[in-house]
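Written below as structure tokens is the structure these notes are about.
For clarity, every value in this text was computed on a predicted model and none was experimentally measured. Note that these values count all heavy atoms, side chains included, but never hydrogens, waters or copies made by symmetry.
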Amino acid sequence: MSYFDYKKHKIYYTEHGSGTPTLLLHGNTVSSDMFAPIIPLLSEKYHVIAMDFLGCGHSEHITEWSSDLWYEWAKQVKALCDHKGFEKVNIIGSSGGALAAINAALEYPELINAVAADSFEGIRANAEITEQIRSGRELAKHNEGFCAMLKAIHGDDWERVFDADTDAVIRHAQNIGEFFHRPLSEMQCKLLLTGSAKDEMFPHGHYEELFRDICEQTPLAQACIFDRGSHPAMLSNTAEFAELCMQFFQTAEK
């Protein structure tokens, strides 16, 4: 197991393949374990690094999470790059990991070659979606299969991890709202936006509206919405998503 230090805590990561460093950023409540289906595809051409954000999975668990969570996660991405000595990386982020990926690109443009941001909420928190997350997670805690999955990911204190994540999401929506500290017009790298038209987490037409808004703010963005699949699109359209990302990264490197 590989770890690096971040603010006196241990963050876990794995490495696969060789080539341009390509970071995989997981979403909320899960860990880098979610990338098991896609790592073999991406690692054929890239040096794939999958990390567990602080508090998740094999990384050190902490009692309270930052309410500015996805900005904090971007700082952890920077710390990983510094630890490994990476100068230019690709990033693929899923859901909350997509928010972290975009934050990293905006805050540390010198480090980022290109970003693929998959299946995320938006530019700012939406009250209806936040309430849906809160109520849905409360119900999920009564689902034995779901709880068993979280225990396998995070260990015996899975419920504390799950609750800390939910609390951070709610505090962010109440006290901060904006997912990014800088305007998207400052984006300096190419940005691939992906999602599924049938994503059960968001209202119908969510991605069409969101991606149109983002593409209007930066000419470096392009979008692909899959006709089928659930949340996140990258795991319900795994082969197509991997091929799309590899083609996108190759174009961005030219």
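- Taken to the nearest 0.5 Å, the OG atom of Ser31 stands 6.0 Å off from the NE2 atom of His154.
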Candidate pair His181 and Asp68, rule side chain to side chain donor-acceptor pair (under 3.5 Å), full reasoning
CA-CA 10 Å; His181 285 209; Asp68 204 355; 2.6 Å; yes

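- Pro37 and Thr238 make their closest contact through O-CG2, 4.0 Å (heavy atoms, listed as atom of the first residue, atom of the second, distance).
- There is no side-chain donor-acceptor pair under 3.5 Å between Ser59 and His61.
- Ion pairing between a basic and an acidic side chain is recognised when a charged N comes within 4.0 Å of a carboxylate O; Lys8 and Glu60 show no such pairing.
- At a threshold of 4.5 Å between side-chain heavy atoms, the hydrophobic network of Ile, Leu, Val, Met, Phe, Trp and Tyr places Ile214 and Phe202 in one connected group.
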Phe162 vs Phe146, ring pair (Phe, Tyr, Trp, His ring centres under 6.0 Å): CA-CA, chis, key distance, verdict:
CA-CA 11 Å; Phe162 189 61; Phe146 181 76; 5.6 Å; yes

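- Of the residues Trp70, Phe120, Tyr71, the one that meets the ring-ring contact (aromatic ring centres under 6.0 Å, His included) test with Phe179 is Trp70.
- Pairing each heavy atom of Ser196 with each of Ala233, the nearest pair is N-CB, 3.6 Å.
- A salt bridge links Asp163 with Lys141: the closest approach of a Lys/Arg side-chain nitrogen to an acidic carboxylate oxygen falls below 4.0 angstrom.
- Leu191 contributes atom CG, which lies 11.5 Å from atom CD1 of Ile112 (distance to the nearest 0.5 angstrom).
- In the hydrophobic cluster analysis, where Ile, Leu, Val, Met, Phe, Trp and Tyr join through side-chain heavy atoms closer than 4.5 angstrom, Tyr207 is grouped apart from Phe248.
- One hydrophobic cluster holds both Phe35 and Tyr46 under the rule that ILVMFWY side chains link at heavy-atom gaps under 4.5 Å.
- Summarising the local packing, CD of Glu200 is surrounded by more than 12 heavy atoms from other residues, nucleotides or ligands at distances under 6.0 Å.
- Remark: Thr22 OG1 to Asn113 CG distance equals 8.5 Å, nearest 0.5 Å.
- Judged by the 6.0 Å distance and 45° axis criteria, Lys78 is positioned over the aromatic ring of Tyr108.
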Assess whether salt bridge (Lys or Arg N to Asp or Glu O under 4.0 Å) is satisfied between Glu72 and Lys7, documenting all intermediate values.
CA-CA 11 Å; Glu72 167 64 22; Lys7 296 183 178 179; 3.5 Å; yes

Go through the steps for Lys88 and Glu110 under the test salt bridge (Lys or Arg N to Asp or Glu O under 4.0 Å), then give the verdict.
CA-CA 7 Å; Lys88 278 287 185 179; Glu110 71 283 356; over 6 Å; no

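- Taking OG1 of Thr14 as the reference point, atom CD1 of Ile49 lies at 8.5 Å (rounded to 0.5 Å).
- Val89 and Ile39 are members of different hydrophobic clusters when ILVMFWY side chains are connected at heavy-atom separations under 4.5 Å.
- In the model, Asn175 has no side-chain atom that pairs as donor or acceptor with a side-chain atom of Ser67 under 3.5 Å.
- Side-chain N or O atoms of Gln217 include none that pairs as donor or acceptor with a backbone N or O of Pro183 at under 3.5 Å.
- Between the side chains of Gln132 and Glu128, not a single donor N or O lies within less than 3.5 Å of an accepting N or O.
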Could you walk me through whether Met34 and Ser94 pass the side chain to side chain contact (heavy atoms under 4.5 Å, CB included) test, one step at a time?
CA-CA 10 Å; Met34 69 172 286; Ser94 169; 3.4 Å; yes

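- Between Phe53 and Trp73, the ring planes lie parallel to each other; the angle is under 30°, not in the 30° to 60° tilted range.
- Of the N and O atoms on the side chains of His206 and Asp199, not one donor lies less than 3.5 Å from an acceptor on the other residue.
- Defined by atom type and a distance below 3.5 Å, a donor-acceptor pair is missing between the side-chain atoms of Thr29 and Asp165.
- Within a 6.0 Å sphere centred on NE2 of His142, other residues, nucleotides and ligands contribute more than 12 heavy atoms.
- By the criterion of side-chain heavy atoms lying less than 4.5 angstrom apart, applied directly or through intervening Ile, Leu, Val, Met, Phe, Trp or Tyr residues, Phe249 is not grouped with Val77; the two fall into different hydrophobic clusters.
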For the pair His47 and Phe86, evaluate ring pair (Phe, Tyr, Trp, His ring centres under 6.0 Å) and give the outcome as yes or no after the intermediate values.
CA-CA 11 Å; His47 176 193; Phe86 294 148; 5.8 Å; yes

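- Glu209 CD: 12 or fewer foreign heavy atoms inside a 6.0 Å radius.
- Residues Leu192 and Cys245 approach most closely at CD2-SG, 4.3 Å, considering heavy atoms.
- A donor-acceptor contact closer than 3.5 angstrom is absent between the side chains of His83 and Tyr6.
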